[in-house]
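The structure appears below as structure tokens.
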Amino acid sequence: MKKILILVSTAIAFAMLFVYLCTPVSKNFAIDASNPKRIYFDTVYPNHGTPFANYHGIRIKGYVNDTIWYKIKDYYPNNYLIHDVNISIGEHEFYDRTKGTLIINMYKATKGHLTVEHRLSTF
């Protein structure tokens with residue numbers, strides 16, 4: 001009976017640890033194109049102290065009257081969007097990363113509203 005209790009306790013502890021490590025970190029924010037701030041930087045860090053995350057995802061929805069651009073990392077090229085925006089971008093196999101970075105520049109857009117979901121997860 002004692003061995004079964006130890007086995008069950010160990011299984012529950014591992015299950016709780018797995019759920020904790022698998023919980024994604026997510027930030028949601030809105031951008032108004034008429035705001036004088038033209039460039040938005042956002043960084044997401046793993047909340048559980050592990051030195052890596054293996055999925056970095058971004059969802060951008062909304063409407064702008066002219067061109068905007070975004071970058072997932074500093075060294076990636078600019079990706080341009082215009083008018084109706086509804087995209088989901090994901091980087092899989094995102095190992096040895098301690099953060100997820102997103103840069104959005106309102107470039108030529110002067111009107112519109114965007115909602116952004118920025119996510120980082122371990123498993």
Side-chain angles (χ1 to χ4, degrees):
M1 185 68 178
K2 197 173 193 180
K3 287 183 180 181
I4 292 174
L5 183 62
I6 292 171
L7 200 60
V8 169
S9 299
T10 304
I12 291 172
F14 277 119
M16 290 173 60
L17 179 65
F18 186 74
V19 167
Y20 177 68
L21 290 176
C22 292
T23 304
V25 178
S26 183
K27 282 186 180 178
N28 297 323
F29 58 95
I31 298 174
D32 187 9
S34 62
N35 191 340
K37 182 177 178 182
R38 305 301 295 163
I39 299 176
Y40 296 84
F41 296 92
D42 189 49
T43 305
V44 185
Y45 298 95
N47 65 351
H48 42 71
T50 58
F52 69 93
N54 64 2
Y55 178 76
H56 179 214
I58 297 150
R59 180 177 294 146
I60 305 172
K61 290 183 180 182
Y63 176 82
V64 289
N65 68 335
D66 208 336
T67 311
I68 66 168
W69 62 258
Y70 71 91
K71 280 186 184 185
I72 300 177
K73 297 178 189 168
D74 292 336
Y75 52 85
Y76 276 17
N78 296 349
N79 296 294
Y80 292 87
L81 304 170
I82 191 167
H83 300 302
D84 287 323
V85 178
N86 186 6
I87 61 166
S88 294
I89 307 115
E91 287 185 287
H92 301 282
E93 305 300 326
F94 186 71
Y95 295 106
D96 297 328
R97 300 288 179 180
T98 56
K99 63 183 178 180
T101 305
L102 171 65
I103 303 168
I104 297 177
N105 186 334
M106 297 315 283
Y107 194 45
K108 296 180 182 179
T110 56
K111 295 180 184 174
H113 184 78
L114 299 173
T115 57
V116 180
E117 179 185 354
H118 193 187
R119 171 176 276 188
L120 193 66
S121 64
T122 304
F123 294 103

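Along the sequence shown, residues are numbered consecutively beginning with 1. Note that these values count all heavy atoms, side chains included, but never hydrogens, waters or copies made by symmetry. Keep in mind it's a predicted model, so treat the numbers as computed, not measured.
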Item to check | I58-V85 co-clustered via ILVMFWY side chain contacts under 4.5 Å | outcome: yes
Checklist entry - Between H83 and N65, what is the shortest heavy-atom contact and its length? => result CE1-O, 3.4 Å
Item to check | I103 versus F41, closest heavy-atom pair with distance | outcome: CG1-CD2, 3.6 Å
Next on the checklist: Nearest 0.5 angstrom please: I12 CD1 to L7 CG, how far?
Outcome noted: 10.5 Å
Checklist entry - How far does CE of M106 sit from CG of L114, to the nearest 0.5 angstrom? => result 5.0 Å
Checklist entry - Are Y107 and Y80 near enough that their ring centres are under 6.0 Å apart? => result yes
Item to check | Heavy-atom closest pair, residues I87 and I89 | outcome: CD1-CD1, 3.3 Å
Checklist entry - Which value, rounded to the nearest 0.5 Å, describes the distance between I60 atom CD1 and L102 atom CG? => result 6.0 Å
Checklist entry - Under a 4.5 Å side-chain heavy-atom rule over Ile, Leu, Val, Met, Phe, Trp and Tyr, are Y40 and L81 clustered together? => result yes
Checklist outcome for this item: Tightest non-hydrogen contact, residues V64 and A109, listed as CB-CB, 4.0 Å
Item to check | Interatomic spacing from NZ in K111 to OG in S34 - rounded to 0.5 Å | outcome: 9.5 Å
Next on the checklist: We want to know whether T115 and N28 form a side-chain donor-acceptor pair, criterion being a heavy-atom distance below 3.5 angstrom.
Outcome noted: no
Item to check | Point-to-point distance, once rounded to the nearest 0.5 Å, from CG of L5 to OG1 of T10 | outcome: 9.0 Å
Checklist entry - Looking at I31 and I104, what are the two nearest heavy atoms and their distance? => result CD1-CD1, 3.9 Å
Checklist entry - Do any N or O atoms from the side chain of N105 and from the backbone of W69 form a donor-acceptor pair under 3.5 angstrom? => result no
Checklist entry - With respect to E117, which candidate in K61, R59, K27 satisfies the salt bridge (Lys or Arg N to Asp or Glu O under 4.0 Å) definition? => result R59
Item to check | Point-to-point distance, once rounded to the nearest 0.5 Å, from CG of D32 to NE2 of H113 | outcome: 7.0 Å
Checklist outcome for this item: Here the pair of heavy atoms bringing R38 nearest to A33 is NH1-O, 3.0 Å
